[in-house]
Amino acid sequence: MKKTVAAAVLGAVLFLFSACSENIYLNNGTNSNGSHDIIQSIPNSSEKTGIYNTLYYCMDGYDYMLPELREISYQQDISKEYAVLSALINGTQNKELVNLINKNTRILGITTNNDYIYVSLSKEILEVPASINSGWENDAELSRQVYRQRRLAIYTLVNTLTELGGYARVQLYIDLNADGVADRVTREQAGFIGDGNEQQPLEALPRQHDYILTPANTVRLAMGMLASNQTEQLYQLIAEESYTGSQKLSKEEFTARMSALKLTVGDYSVSDNAAITGGGAIAVVMLDYVSRSAGSTFEHKNIPVMLVLEGNRYYIDCSFLEYVLKG
C-alpha cells in the first residue's frame with residue numbers, strides 16, 4: 001500500500017515544508033477502494049487551540065522511554081494528530097531524555113481508519129546518526145546500535161500517537177527515495193531483527209508497554225543492575241527522599257556498603273501489576289529474587305518494593321535499599 005503525493009502540488013508542498021513545515025495541514029481521506037489519499041492544504045485560520053498529551057522520549061543509554069506531559073498549542077485547522085507528532089519530532093527539553101527521531105524528519109501524511117492511524121514520513125527518520133561510521137552494516141556492534149535506535153524511535157512515535165486514545169495500531173510508511181511515494185519498509189530497515197522475519201514488510205504496530213519505564217520495569221532495571229554489579233547506575237534509580245521523609249544514603253556510603261556486602265543476585269521475578277496509592281505518588285510492585293552473600297543463599301518471596309513519584313517517573317524507595325543492604 002503506497003502513499004502518493006499529488007504531482008500538481010508536490011513542488012509547492014516541498015517548498016512549504018522547507019520554509020514553514022509547521023503550517024502544513026494534512027487532511028485525512030479515504031477513497032472508495034479503501035486506500036488513503038493525502039491531501040495538502042494551507043491553514044486559513046490564525047485561531048489556535050490546545051491539547052494536553054503525553055509524548056514519549058528515551059532515557060539516555062537505556063532501552064526505556066519516559067512520558068512527558070506537554071501542552072501543545074496549534075492552529076484549529078491542523079489535526080491534533082499532526083500537532084502531537086510535530087511536537088514529538090521537535091524534541092524535549094528534559095536533560096534526562098533524548099529524542100531518537102531525526103529532527104529533519106518531515107510528516108508527509110496522516111490518515112486514519114477506525115482504530116488504525118497511518119503515518120507517512122520522510123526518509124530522515126531512518127538516517128544513521130553522524131556518530132556512526134560508514135560501513136556500519138559490516139560491523140556487528142554498530143549495526144546493533146543503528147537498529148536499536150531505529151526501533152526505539154519508531155516506538156516513541158507509536159506510544160505517543162496511541163496515547164491520544166482511539167487508536168490501537170500505527171502503520172508507518174516512509175518515502176525512502178524522496179519521490180513523493182511513501183511505502184512500507186521491511187522490518188530490518190525499521191530495526192526489527194533477530195526473529196527471522198526481517199524481510200517482511202513492517203506491520204501496523206500496537207502500543208509497546210515493555211519499553212516504558214513503568215514501576216515494574218523500574219524494578220526490573222534495578223534488579224538487572226544488582227545482578228551485574230552496576231552500583232553507580234543503581235544509585236540513580238533510588239528516590240532522593242522516602243515516603244517517610246528519610247534521605248537516601250550518599251553515593252560514597254552506598255557504594256562502600258554494597259562493596260562490603262559482596263552481594264550476588266540470582267534469578268528474580270517482578271510482577272507486572274503495580275498497586276498505585278496516594279493519588280499516584282506511591283507505587284508498590286511485588287518481587288521474588290534469590291541472593292547470595294557470605295557463602296549463604298537466600299530466597300526472598302513476595303517482597304513489596306515501594307516506589308516514589310518524583311517528577312515524571314518513579315524511583316525506588318529507600319526502604320528497599322535498606323532491605324537489600326541487610327543481605
Subject >> Ion pair check, Lys248 and Glu241, cut-off under 4.0 Å >> reply: no
**OP:** Return yes when atom CZ of Phe254 has more than 12 non-hydrogen atoms of other residues, nucleotides or ligands closer than 6.0 Å, and no otherwise.
**Re:** yes
**OP:** Would you mind listing every salt bridge (Lys or Arg N to Asp or Glu O under 4.0 Å) that reaches into residues 205-230, with sequence neighbours excluded?
**Re:** Glu163-Arg207, Arg220-Asp272
Original post:
Got a sec, which hydrophobics cluster with Ile193, joining ILVMFWY side chains under 4.5 Å apart, including via others?
Top reply: Val128, Ile132, Trp136, Leu142, Val146, Tyr147
Subject >> Audit row: Tyr268, His300, ring pair (Phe, Tyr, Trp, His ring centres under 6.0 Å) steps and yes/no >> reply: CA-CA 9 Å; Tyr268 58 87; His300 308 263; over 10 Å; no
Original post:
Is a donor on one side and an acceptor on the other found under 3.5 Å between the side chain of Ser86 and the backbone of Tyr82?
Top reply: yes
Original post:
With sequence neighbours excluded, what pairs up with Thr49 under the side-chain contact (heavy atoms from CB on, under 4.5 Å) test?
Top reply: Tyr74, Gln76
Original post:
Restricting to pairs with a member in residues 257-267, which pass salt bridge (Lys or Arg N to Asp or Glu O under 4.0 Å), not counting sequence neighbours?
Top reply: Arg257-Glu322
Original post:
Under 3.5 Å, is there a donor-acceptor pair linking the side chains of Glu81 and Tyr167?
Top reply: yes
Subject >> salt bridge (Lys or Arg N to Asp or Glu O under 4.0 Å) contacts touching residues 125-138 (sequence neighbours left out) >> reply: none
Subject >> Non-neighbouring partners of Ser122 that pass side-chain hydrogen bond (donor to acceptor under 3.5 Å, both in side chains), sequence neighbours left out >> reply: Glu124
Original post:
Do Ile282 and Ile276 come close enough that some side-chain heavy atom pair is under 4.5 Å?
Top reply: no
**OP:** State plainly whether one hydrophobic cluster holds both Leu226 and Met306, where clusters connect Ile, Leu, Val, Met, Phe, Trp and Tyr through side-chain heavy atoms under 4.5 angstrom apart.
**Re:** no
Original post:
Is it the case that one hydrophobic cluster holds both Met59 and Tyr315, taking links as side-chain heavy atoms less than 4.5 Å apart, direct or via other members?
Top reply: no
Original post:
Do side-chain atoms of Thr162 reach the backbone of Asn159 as a donor and acceptor pair under 3.5 angstrom?
Top reply: yes
Which atom pairs, one a donor and one an acceptor, fall under 3.5 Å between side chains of residues 149-157 and the rest of the protein, sequence neighbours left out?
| from | atom 1 | to | atom 2 | distance (Å) |
| --- | --- | --- | --- | --- |
| Arg150 | NE | Leu126 | O | 3.2 |
| Arg150 | NH1 | Gln189 | O | 2.9 |
| Arg150 | NH2 | Leu126 | O | 2.8 |
| Arg151 | NE | Tyr211 | OH | 3.1 |
| Arg151 | NH1 | Gly191 | O | 2.7 |
| Thr156 | OG1 | Ala153 | O | 2.5 |

Subject >> Residues in side-chain contact (heavy atoms from CB on, under 4.5 Å) contact with Ser134, at least two apart in sequence or another chain >> reply: none
Original post:
With sequence neighbours left out, what residues match Ser242 under side-chain contact (heavy atoms from CB on, under 4.5 Å)?
Top reply: Thr244, Ser246, Asp317, Cys318
Original post:
Are side-chain heavy atoms of Gln200 and Glu188 found at a separation under 4.5 Å?
Top reply: no
**OP:** Could you tell me whether Arg169 and Glu203 make a salt bridge, using a distance below 4.0 angstrom between a side-chain N and a carboxylate O?
**Re:** no
Original post:
How would you list, by chain and number, every residue that makes a side-chain contact (heavy atoms from CB on, under 4.5 Å) with Asp195, sequence neighbours excluded?
Top reply: Arg187, Asn197, Glu198
Original post:
Rest of the hydrophobic cluster containing Tyr52 (Ile/Leu/Val/Met/Phe/Trp/Tyr, side-chain heavy atoms under 4.5 Å)?
Top reply: Leu69
Subject >> Test item: Leu97 and Asp60 side chains (from C-beta on) under 4.5 Å apart, heavy atoms >> reply: no
Please set out all donor-acceptor pairs under 3.5 angstrom arising from side-chain atoms of residues 229-239, sequence neighbours excluded.
| from | atom 1 | to | atom 2 | distance (Å) |
| --- | --- | --- | --- | --- |
| Gln230 | OE1 | Ser228 | OG | 2.9 |
| Tyr235 | OH | Leu249 | O | 2.5 |
| Tyr235 | OH | Lys251 | N | 3.1 |

Subject >> More than 12 heavy atoms of other groups within 6.0 Å of Gln93 CD >> reply: no
